[in-house]
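In the text below, chain A, chain B and the rest are named by the order of the sequence lines, each starting its count at 1.
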Protein chains: 2
Amino acid sequence: MQKKLPQSNLYLREEELRRGIELLYFAYRDFTSDPDEILAQTGLGRAHHRVLYFVRRNPDTTVSGILKLLRITKQSLSRVLNQLVEEGYIEQTPGTQDRRQRLLKLTEKGEAFEKELFSTQRQRVAQAYKTAGPEAVAGFWEVLLNIVNDSDREIVLRQIEK
Amino acid sequence: MQKKLPQSNLYLREEELRRGIELLYFAYRDFTSDPDEILAQTGLGRAHHRVLYFVRRNPDTTVSGILKLLRITKQSLSRVLNQLVEEGYIEQTPGTQDRRQRLLKLTEKGEAFEKELFSTQRQRVAQAYKTAGPEAVAGFWEVLLNIVNDSDREIVLRQIEK
DNA sequence: TTTATTATGTCAATATAGCTGACATATATA
DNA sequence: TATATATGTCAGCTATATTGACATAATAAA
């Protein structure tokens, strides 16, 4: 069956699977705590951060673009987006081909704030990358990408290769 | 079938850091959606899952053990734990040395339910491990462990080596 | 032995982030 | 002209967390 068995399958035992689950939980928790501290001072929350992040990464995306990417409802997005627009972090311009659309992008204030939020996570991730080394990082990406739903992998790949 | 990510030496640039951030976000989201579906049918939520998970992994732990591990308040835990005890998933016994403590462990019902929840995530993670291979998995662990707060690393190591 | 501390529990109020359902408007498409 | 789409809004509900105040029983320290 399996021609090239690189090593044993010991890494598929319950212990190793639980290790992944637990590391994912703890790492994700600490990783999200960095921006949370900054956000707490501004009256914004994680939901706002996610929108800022992905608008920054996808300038001139539409409302429905964000909805699909984040898999939330428009009612949820609305609360967050309205606040970000009112407070001058995001600006909306009507679509050029389709004027029903609202194209989203960060204002200068939004750019600056996203940069500040990003820098905390950048630092954490860069330190982890450096400590673990490039091959470990490649493995980290590979496993995470394969944890993503098959049906989402295309959209995620498009995102990370932007 | 397998999507190969470009192997890059310049793994500390903004692009690669954002890749990690995004993969972490999407993978974590999909990874938690598996148990969520089952939980939705029972009237329990993620918070209950976490408690079941870590009580299963640390039988006869105490209330404050769980509080420290999950970093939540006792008021938060209370809601969840009471429900799990009332519905027969967890049983509490007084501590042997210190009778103020409540030692927690899963009942048979709790064990069965945790197993069901775990199996969904096990499948997802095992598939990702298999696709990525043992070396990638080692890198995955290494990077995640280094993303964890320095101050938490000891406790996380103790957990995953149990 | 008295006092202080610890482990746990509870009540109340609040915040955040999501959801469903219903309805509205403007624009694009068939 | 009729229908579908992109977006927005109102209202109500849920899950998960927080802080603060107070209570009880058991252990540890004075």
Side-chain angles (χ1 to χ4, degrees), chain A residues 25 28-29 32-33 35-55 60-87 90-105, chain B residues 25 28-30 32-33 35-55 60-87 90-104:
Chain A
Y25 170 71
Y28 191 80
R29 182 187 67 180
T32 52
S33 71
D36 280 359
E37 279 179 43
I38 297 172
L39 290 158
Q41 298 162 0
T42 66
L44 302 176
R46 274 186 205 186
H48 304 87
H49 181 201
R50 280 205 278 275
V51 173
L52 283 173
Y53 185 93
F54 285 108
V55 169
D60 283 332
T61 185
T62 63
V63 168
S64 61
I66 295 293
L67 293 181
K68 275 171 207 148
L69 195 60
L70 298 185
R71 277 219 240 112
I72 56 175
T73 59
K74 62 181 176 175
Q75 295 93 327
S76 281
L77 178 59
S78 169
R79 178 184 59 87
V80 168
L81 186 55
N82 285 338
Q83 220 175 325
L84 290 170
V85 170
E86 270 164 31
E87 298 182 18
I90 286 184
E91 58 184 0
Q92 299 172 309
T93 54
T96 45
Q97 297 126 338
D98 186 337
R99 285 180 345 214
R100 290 171 304 181
Q101 295 179 332
R102 310 279 207 122
L103 307 186
L104 307 174
K105 65 178 159 203
Chain B
Y25 169 70
Y28 191 81
R29 183 188 66 180
D30 289 351
T32 52
S33 72
D36 279 0
E37 278 179 45
I38 297 172
L39 290 158
Q41 297 162 1
T42 67
L44 302 176
R46 276 185 203 187
H48 304 87
H49 183 201
R50 281 203 280 276
V51 173
L52 283 173
Y53 185 94
F54 285 107
V55 169
D60 283 331
T61 186
T62 63
V63 168
S64 61
I66 295 292
L67 293 181
K68 275 172 208 147
L69 194 60
L70 297 186
R71 278 219 242 111
I72 56 174
T73 59
K74 63 181 174 174
Q75 296 92 328
S76 278
L77 179 58
S78 169
R79 176 186 62 92
V80 168
L81 186 54
N82 286 338
Q83 219 174 326
L84 290 171
V85 170
E86 271 165 31
E87 298 182 18
I90 286 183
E91 58 184 359
Q92 298 172 307
T93 54
T96 44
Q97 297 125 339
D98 186 337
R99 280 177 349 208
R100 291 170 303 180
Q101 296 179 330
R102 310 280 207 119
L103 308 186
L104 307 175

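In terms of phosphate contacts, B/Thr73 brings a side-chain nitrogen or oxygen within less than 4.0 Å of OP1 or OP2 of D/dT18. OP1 and OP2 of C/dA17 both lie 4.0 Å or more from every side-chain N or O belonging to A/Gln83. At the phosphate of D/dT18, neither OP1 nor OP2 sits under 4.0 Å from any side-chain N or O atom of B/Arg71. Checking the phosphate oxygens (OP1, OP2) of D/dG8, a side-chain nitrogen or oxygen of A/Gln92 falls inside 4.0 Å.
One interatomic measurement links the two molecules: CZ of A/Arg79 to P of D/dC13, which rounds to 18 Å at whole-angstrom precision. In this structure, CG of A/Leu77 is placed 14 Å from C1' of C/dC19, rounded to the nearest angstrom. Atom CD in B/Gln41 sits about 18 Å away from atom C1' in D/dT14, given to the nearest Å. Taking atom NZ on B/Lys74 and atom P on D/dA21, their separation rounds to 13 Å, with Å as the unit. Between B/Leu44 atom CG and D/dT14 atom P there is a gap of 16 Å when expressed in whole angstrom units. Summarising the geometry, the separation between CD1 on A/Ile66 and P on D/dG8 is reported as 12 Å, rounded to the nearest angstrom. Whole-Å rounding puts the A/Leu67 CG to D/dT7 P distance at 8 Å. Atom CZ of A/Arg99 and atom P of C/dA28 are 5 Å apart (whole Å).
Listed candidates were D/dT7, C/dA17, D/dT18. Nearest to the side chain of B/Ser76 is D/dT18. Side-chain proximity of B/Thr62 to the nucleotides C/dG18, D/dT18, C/dT8 is greatest for C/dT8. Residue B/Arg102 places its side chain closer to C/dT8 than to any other of D/dA17, C/dG21, C/dT8. Which of C/dG9, C/dC19, D/dT16 sits closest to the side chain of B/Val63 comes down to C/dG9. Listed nucleotides: C/dG18, D/dT18, D/dA26. Nearest to the side chain of A/Ile72: C/dG18.
Contact of A/Arg100 with D/dT5 (side chain to base): a donor-acceptor pair of N or O atoms is detected under 3.5 Å. Between the base of D/dG12 and the side chain of A/Gln75 there is no donor-acceptor pair shorter than 3.5 Å.
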Report task. Output, in order, the C-alpha distance, side-chain angles, deciding distance and verdict of side-chain contact (heavy atoms from CB on, under 4.5 Å) for A/Leu104 and A/Asp60. Result -> CA-CA 5 Å; A/Leu104 307 174; A/Asp60 283 332; over 6 Å; no
Requested in this report: Mind running side-chain contact (heavy atoms from CB on, under 4.5 Å) on B/Asp36 and B/Leu39 for me, showing each step along the way?
Outcome: CA-CA 5 Å; B/Asp36 279 0; B/Leu39 290 158; 4.1 Å; yes
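In this structure, A/Thr96 and A/Ala47 both approach DNA chain C, and ranking their closest nucleotides by distance from the 5' end singles out A/Ala47.
Within the nucleic acid shown, B/His48 comes within 4.0 Å of sugar-phosphate atoms alone, with no base atom in reach, counting heavy atoms only. Counting any heavy atom pair closer than 4.0 Å across all strands shown, B/Ser64 reaches sugar-phosphate atoms only and no base atom.
Residue A/Ile90 holds its CD1 atom at 9.5 Å from NE2 of A/His48, rounded to the nearest 0.5 Å.
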